[in-house]
Structures are given as C-alpha cells and as structure tokens.
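Written below as structure tokens is the structure these notes are about.
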Amino acid sequence: MSVRTRFAPSPTGYLHVGGARTALFSYLFARKHGGQFILRIEDTDLERSTAESVNAILEGMAWLGLEYDEGPFFQTHHFDRYQAVIDELLDKGLAYRCNCSKERLDRLRDRQMAAKVKPRYDGHCRGQKIDADEPHVVRFSNPIDGYVVVDDMIRGRVAFNNNELDDLIIRRTDGSPTYNLTVVVDDADMCITDVIRGDDHLGNAARQINILKAWGKEPPRYAHVPMILGNDGTRLSKRHGAVSVIAYRDQGYLPEALLNYLVRLGWSHGDAEIFSLDEMIQLFDINTVNKSPAAFNYDKLDWLNQHYIQHADPLRIARLLSPHLGQLEIDPTTGPDLVDVVTAQAARAKTLKELASISAFCYRDFDYYDADAAKQHLRPVAREPLIRLRTAFELMALDDWQPESLHHVITRIADELGLKMGKVAQPLRVAIVGRAASPGIDITLQLVGKDATLRRIDNALNWIATQHDNVNE
RNA sequence: GCUCCCUUCGUCUAGCGGUUAGGACGCUGGCCUCUCACGCCGGUAACAGGGGUUCGAAUCCCCUAGGGAGCGCCA
C-alpha cells in the first residue's frame, strides 16, 4: 500500500510554526516514499472554527510551498459518515449510551482526585439500557484490561495500560461526533498509513488504536514529534514573538529559510546545515527525529535567512523585496533597478524588511544623519574633499556614472589631497547614505545617481556649516 | 494527584562501550578592506546529579532532580 500522510489542523487560529513543522515532516515523508500528502481541516468544533482560520492555514501552506495532493477536506462534510460509524459501534455493542449527569461526573472526578487516582469515567452506564430518545452521549467501550502498545517511529514502543484509559465520549448530547472518533474514521477512510503529529497526541494514539481495532481496522503507523519550545525553554507562545508562519513572511523571512530552520529542529544529517526542499525529501528520515523538545532560536533563523537572501536569484529577491519598500512608502520605479540594489545589498540584511530599510537611501533622501557617523565624518576637514568630489562629479557625463570611473575619481582626489581612501570615501558615504555603512562607495554612488549625489553633498556641506560655523574649529 | 515522555556547549545538534566529546548559530580574537556586511582563519563553551554493570561508560541498568505532555460533551 502506498504511503499516505496527512496534516490535520483545527481552524481555530493561524498556522503556527509547530504545526508547520509537523506539516513539513508529513510532506517530506510522503514525498520521500512516493506517497500522497493530504490536508484535512478538523473543524468539528463549530464554536471555535472560523473561515478566517481556514484561509490563514491555506495561506501559510501555500507560502511555505507544502503542496498537498488531496484536500483540503473538511470534517464537517463527513458528519453522516461519523454517525453511521457510531451507530455501527452501538449495534455491535462496542459503544453504549450514557446519561450520567454533569453533577455525577464532577463528584466522581473529585472523589478520584481525593483518592489520588487518575480521574476517569467509571463505566457506570455500561450494559444499561438507555433509551435513544432521552438525552445521552455515546461512549466507546474501551478494553478494561490488557494494554495498548503504540509502536512509535520516534518514541519507540510506548505501552499504556487499558485501565488508564476510560470510556471516552464519541458522540455528544447534541449528536455531534468528537475528535478521537472523527480522526479514526477519516484516517481509516482516507487510507492514511502514517500519522505524523505533535506528541501531545501520544495518549490519543492509544485510544485511537483501541477504537480502530474494535471497529476492525488496521491502525496506521505513528510518529509523535516533540513540541517546539520558546527561547526560554517554555512552550512556544505569542509572548515569544511570532508564532504564525505568515508573520514570518511579513517580517521578511524566506519560506526556504523557515523550512530549513524547522527541519533542523529535532533532526540532522551529519554536519549539514543547509537543505533545499529536494535535499530534505531525499535525506529526511522520520525515524531519526529526536525525542526531546527543541527551543526556537531566532539568531539561527536569521542566519539561515541571510544565507538564502544572499544566495537566491536576485530577481526573485527583488520581487519579494518590493512590497517591503512599499511599506516604507517607496515606489521602486523611482530609483535604481531593484535587482541592482539586491545584488549590492543582499549580504547585508537578515530579513527582507531589513534589506528594504538599508536600501531606502537609493530611492529618497534620508531625514537625518546617523549621529555617530556624522560626528565622526562630517567635520570641517571633510569640506575640502567633499567640495572637490562635487566638482569632479558634476563634470562627469551620465554615461560615465559607472563604478569604475567613479572609483577613479575618488582615488584621484584622495591622491591629490594626500589623504587615505577612507578619509575621502567615508565623509562621502555619510553625505549620500546618512550612515557609515553601505556597499562599496562606487556602487553606492551609482545606485544613488548623479543628481541625488550632488544634492546630498550640498546638503552635507550645509550641514557641516551650520554645525560648525559658530564653533572655532 | 495519576499516567506517559524528555535531559550533550547559552541554543540546534553529532555521538550509538575505547573520541583531544565533533559541527552549526551566538559571542569573541584576527585577516580582508573606503564603511558595513559577506568570506576566510582562530578562540570560548556541554555529557543534570548519584549509584551500579564493565578492563573501560556521554553511550547499558537503577534511583534522584529538573522539564514537558496528557488525564474535556477542545482538537
């Protein structure tokens, strides 16, 4: 039977990084084994499920490039099927009706807690004849002795004593089916061979195996992956920063960087750090995923993102960068070709957002000088070189406004003044960029263009004048 | 409280009875250099603790400690 995996999120929020990782693992496993990857939306909680969440999940999957072969399927479309299975279990005596009151259940629970035993349903209604017309829930008759073994691809063999598991509700009073039932039915109906999910479901695997066996179905293989922790070692949550994958996109992360980061959380292949999606498919092995939870580390994600920004096709980065410039109210058509900007700046930014920020000077005059840079480089001694540069630049033909000739002009003036390159280039850089950091000065000048260069040199000279005229320096 | 799971540098990890405990991020020293960044070279830093088993234990067993998950008419 060919491999079939699924990602089954509940649409009660965005796609978070933990979910994205289990989706990635499921995707890789299916692709590696020539199988199918299925997306199933578990929307049986009518109260909390929203269409917005469904869209957010779909958007996240699409952005990451985790293409599914089937779906999205919605569990709310399968209610008839669930009811039929519940009725079947009822008919075969594998499930029973229960009309225990909330009060009785609460009392039972309190008594069990007081007696220091695990709270669980006591099977009170087993074997009782409860009329289908009176309010009731349906419970699965869990085996009362023996044990269930979850033969997990990550955790190994984990045994649960059946007396730890109780008779779980599979149909609510309102007639709706519950999670463990719907999962079991869909996994069986969709011929899912391998269930890869968060390890908070390990206990559910035991329950689901029991239902599956009672129903006469072969349980799938399981792999329960450890959760992702925040940088402080506690469960990853909103207070740790972005948890929604779309938030990563909006902050300027590349999907391949996030994916690469996520696959290395709990898994490794020798000393390799960089994996393309194809390499992941080829090398990923669910059996070698670590059992222990991993902490999310933004520094490493940043490093990977910078790596990918630097090595990706500049044309693609340019397209992805455009909206980030838009965020800064910059229209990229008003300045140099974005591809040239990307080529010059790619190694200098950890995110597209940062790339946009450090490239804004190519498109518009900055509002103020970096204080330290101006203090160090825009001093009266810079007047002479700046004036000479301005004069030389003004004489240049537009066709000559190229890195090579610009470089010659700067070195010539440095020579004439008997100054080191840095004494000329740095004041110029601060004058036209506003900061002491930018690509090579010749490239920087080319990107900024002749008009803006002359204008900003004038501005810088004025600035020096206003700062220092009153001071006898 | 009960059940289950986890524990190697700050972080992600390699290791699967004999290693100077390796790599990566971060931090840091240097080189390159017109700045920043990239790149390159070097450094810092770990087997949670205690018992066993063994000639020998990060590796196997037990206990303790710490952490996590589950115990819903949520998924």
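Chain naming here is simple, since letters A, B, ... match the order of the sequence lines and numbering starts at 1 in each. FYI, side chains are in, hydrogens and waters are out, and symmetry mates aren't considered; it's all heavy atoms of this structure.
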Between [X] ([atom1]) and [N] ([atom2]), how many Å, whole number?
X	N	atom1	atom2	answer
Asp187(A)	rA75(B)	CG	C1'	13 Å
His201(A)	rG70(B)	NE2	P	9 Å
Asn297(A)	rC12(B)	CG	P	8 Å
Asp167(A)	rC73(B)	CG	C1'	15 Å
Arg155(A)	rA69(B)	CZ	P	12 Å
Asn162(A)	rU3(B)	CG	C1'	13 Å
Asn161(A)	rC2(B)	CG	P	16 Å

Is it the case that the base of [N] and the side chain of [X] share a donor-acceptor contact (distance under 3.5 Å, atom types as modelled)?
X	N	answer
Asp200(A)	rA75(B)	no
Arg120(A)	rC71(B)	no
Thr173(A)	rC73(B)	yes
Gln112(A)	rG1(B)	no

Given 3.5 Å as the limit, does a donor-acceptor pair link the side chain of [X] with the main chain of [Y], or not?
X	Y	value
Asn161(A)	Asn163(A)	yes
Tyr253(A)	Lys350(A)	no
Arg264(A)	His269(A)	no

OP1 or OP2 of [N] less than 4.0 angstrom from a side-chain nitrogen or oxygen of [X], does that happen here?
X	N	value
Thr44(A)	rA75(B)	yes
Ser268(A)	rA14(B)	yes
Arg207(A)	rC71(B)	no

Measure the spacing between CG of Leu447(A) and CG of Asp442(A) and express it to the nearest 0.5 Å.
-> 10.0 Å
Evaluate the ring planes of His78(A) and Tyr82(A), with Trp represented by its six-membered ring, and classify them as parallel (under 30°), tilted (30 to 60°) or perpendicular (over 60°).
-> perpendicular
What is the nucleic acid contact for [X], judged by heavy atoms within less than 4.0 Å: base, sugar-phosphate only, or nothing?
X	answer
Val158(A)	sugar-phosphate
Pro119(A)	base
Gln310(A)	sugar-phosphate
Arg40(A)	nothing
Gly440(A)	base

The answer to which of Ser101(A) and Asp271(A) contacts RNA chain B further toward the 5' end, by nearest nucleotide, is Asp271(A)
